[in-house]
Colleague: 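My questions will all concern the structure given below.
Since the structure is predicted, the reported quantities are computational estimates derived from the model, not experimental observations. For the single chain, residues carry numbers from 1 onward in sequence order.
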Amino acid sequence: SEQRQRTARAVRFAQPDIFWRSWRLVDTYTDQTGTRKAEIVGFPDIQFMHADCVFVIDGVQYPDIGPAELKRLRQGKFRTAYVTAAVNVSKADQDGTTFGPSLVALSYNRANPMSFAAALADYYEAFPVRGTARTTRPLFTTDGRVTWTAGQLDATLSAVMAATLTPAQRKSKTMHSKRVFCATALRDLKSSDGEIQALVRWSSLESLRIYARM
């Protein structure tokens with residue numbers, strides 16, 4: 001609603017830290033998974049929740065990760081660390097039977113600016129979400145509670161690109177460009193067509209071939 005958008009804009013300027021940390025979650029998750037904008041915004045009764053993401057450190061799951069584990073991650077005191085994320089329903093699989101309930105595993109890598117796991121750990125250090133709140137609070141919000149609208153995602157991406165890219169570099173780039181990037185990067189890494197189709201969740205191989213070619 002219009003009132004909700006005004007509230008979100010007010011919060012963005014009042015609390016820029018949580019807004020940009022929240023944007024970083026959107027940015028890194030879509031970079032690494034090629035998720036559609038609609039899946040970030042959510043459907044009327046289906047949202048990504050914090051509980052959909054679980055840290056796994058040296059083989060141990062932490063569904064309610066706390067300060068001690070977050071400090072351990074920041075200090076690099078682990079052998080392996082990643083986040084499993086239960087993907088949202090998609091245009092190609094609205095009832096969650098073709099690709100879901102699937103998990104994607106995203107490596108914790110502070111050296112990688114696209115690491116969603118690192119972005120999520122940083123978010124929790126600044127804005128902890130513990131206990132039952134993990135099942136009731138949406139993951140992708142502008143202020144910790146209010147979910148993004150499609151217009152806010154587009155406007156924020158445009159502003160970020162305007163600040164960091166030349167006009168030529170940002171030409172024709174949208175949130176959907178991340179799906180093209182993800183599929184093409186996976187193809188460059190010699191992933192099979194079936195793997196790419198499953199990860200990016202396209203209903204046909206023809207979609208994959210069109211996007212990867214782009």
Side-chain angles (χ1 to χ4, degrees), residues 1-2 4-5 8-9 11-12 16 18-44 46-50 52-53 83 85-94 96 99-100 102 104 106 112-120 122-123 138-188 196-204 206-214:
S1 69
E2 185 177 345
R4 187 177 181 181
Q5 291 181 16
R9 284 196 295 269
V11 168
R12 182 178 69 182
I18 192 170
F19 178 85
W20 288 113
R21 286 181 188 270
S22 299
W23 169 254
R24 185 181 170 204
L25 295 184
V26 173
D27 195 34
T28 54
Y29 187 80
T30 50
D31 279 340
Q32 290 197 304
T33 64
T35 292
R36 291 180 175 89
K37 178 170 58 179
E39 295 166 45
I40 296 296
V41 172
F43 299 86
I46 303 175
Q47 296 282 347
F48 274 109
M49 295 295 178
H50 284 276
D52 291 323
C53 294
V83 165
V87 298
N88 204 349
V89 298
S90 69
K91 182 173 72 173
D93 184 26
Q94 294 182 13
F99 301 119
S102 300
V104 294
L106 304 171
N112 179 4
M114 291 188 294
S115 174
F116 170 75
L120 187 59
D122 288 349
Y123 181 94
L139 177 65
F140 297 116
T141 69
T142 57
D143 65 347
R145 295 181 184 275
V146 179
T147 55
W148 291 86
T149 66
Q152 287 171 331
L153 289 172
D154 288 336
T156 304
L157 179 62
S158 293
V160 169
M161 290 195 298
T164 58
L165 302 178
T166 67
Q169 288 173 328
R170 63 178 184 264
K171 185 178 180 181
S172 301
K173 287 188 173 66
T174 66
M175 288 292 292
H176 209 70
S177 301
K178 291 172 178 285
R179 291 177 68 74
V180 179
F181 164 77
C182 190
T184 304
L186 289 167
R187 172 158 283 183
D188 286 345
I196 300 172
Q197 184 184 1
L199 285 168
V200 187
R201 289 174 293 150
W202 273 308
S203 56
S204 70
E206 183 60 26
S207 296
L208 162 63
R209 294 183 180 119
I210 290 170
Y211 279 100
R213 202 163 49 240
M214 291 171 62

Colleague: For M49, is there any backbone N or O sitting under 3.5 Å from a side-chain donor or acceptor partner on D52?
Modeller: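 Such a contact is found between D52 side chain and M49 backbone.
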Colleague: Could you tell me whether the side chain of D31 reaches within less than 4.5 Å of the side chain of F116, counting heavy atoms only?
Modeller: no
Colleague: Counting only N and O atoms by type, is there a donor-acceptor contact under 3.5 Å from the side chain of R170 to the main-chain atoms of S158?
Modeller: no
Colleague: Rounded to the nearest 0.5 Å, what separates atom CG in L186 from atom CZ in F181?
Modeller: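 L186 CG to F181 CZ: 9.0 Å, rounded to 0.5 Å.
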Colleague: Hey, could you give me the CE/OG1 distance between M175 and T156, rounded to the nearest 0.5 Å?
Modeller: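 M175 CE to T156 OG1: 9.5 Å, rounded to 0.5 Å.
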Colleague: Which heavy-atom pair separates R179 from V200 by the least distance, and what is that distance?
Modeller: NH2-O, 3.0 Å
Colleague: Roughly how far, to the nearest 0.5 Å, is OG1 of T142 from CH2 of W20?
Modeller: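 It is 12.0 Å, given to the nearest 0.5 Å.
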Colleague: Going by the ring-ring contact (aromatic ring centres under 6.0 Å, His included) test, name the single residue among Y123, W148, Y29 that passes it with F140.
Modeller: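 Option passing the ring-ring contact (aromatic ring centres under 6.0 Å, His included) with F140: Y29.
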Colleague: Would you check, one step at a time, whether the test side-chain contact (heavy atoms from CB on, under 4.5 Å) holds for T28 with R24?
Modeller: CA-CA 6 Å; T28 54; R24 185 181 170 204; 4.2 Å; yes
Colleague: Supply the atom-to-atom distance L25 CG to H50 NE2, rounded to the nearest 0.5 angstrom.
Modeller: 8.0 Å
Colleague: Would you name the heavy atoms of V26 and L153 that are closest together and state the gap between them?
Modeller: CG1-CD2, 3.8 Å
Colleague: If every non-hydrogen atom of V160 is compared with every non-hydrogen atom of W23, which pair is closest and at what distance?
Modeller: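 Heavy-atom minimum between the residues: CG2-NE1, 3.9 Å.
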Colleague: Test side-chain contact (heavy atoms from CB on, under 4.5 Å) on V146 and Q152; report intermediate values, then the result.
Modeller: CA-CA 12 Å; V146 179; Q152 287 171 331; 5.9 Å; no
Colleague: Ignoring hydrogens, what is the shortest heavy-atom contact between M161 and K173? Give both atom names and the distance.
Modeller: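 Closest approach of M161 to K173: CE-O, 3.5 Å.
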Colleague: Distance-only, no hydrogens or angles: does the Q47 side chain make a donor-acceptor pair with backbone N or O of L139 under 3.5 Å?
Modeller: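 Side chain of Q47 to backbone of L139, a donor-acceptor pair under 3.5 Å: no, none is there.
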Colleague: Can you name the nearest heavy-atom pair linking G144 to T141, along with the distance?
Modeller: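 Between these two residues, the closest heavy atoms are N-OG1, 2.7 Å.
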Colleague: Using a 4.5 Å cut-off on heavy atoms from C-beta on, say whether the side chain of S115 contacts that of L106.
Modeller: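 Counting from C-beta outward, L106 and S115 never come under 4.5 Å.
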Colleague: Evaluate side-chain contact (heavy atoms from CB on, under 4.5 Å) for D27 paired with M114, printing each intermediate quantity in order.
Modeller: CA-CA 8 Å; D27 195 34; M114 291 188 294; over 6 Å; no
Colleague: As an exercise, state the distance from CG of L199 to CD of Q32, rounded to the nearest 0.5 Å.
Modeller: 11.5 Å
Colleague: May I ask you to test the T149-V41 pair for a side-chain heavy-atom distance under 4.5 Å?
Modeller: no
Colleague: Spell out, as yes or no, whether a donor-acceptor pair under 3.5 Å connects the side chain of S177 to the backbone of T174.
Modeller: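 Pair found, side chain donor or acceptor close to backbone of T174.
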Colleague: Can you give me the closest heavy-atom contact between V83 and A117, atom names plus distance?
Modeller: CG2-CB, 3.7 Å
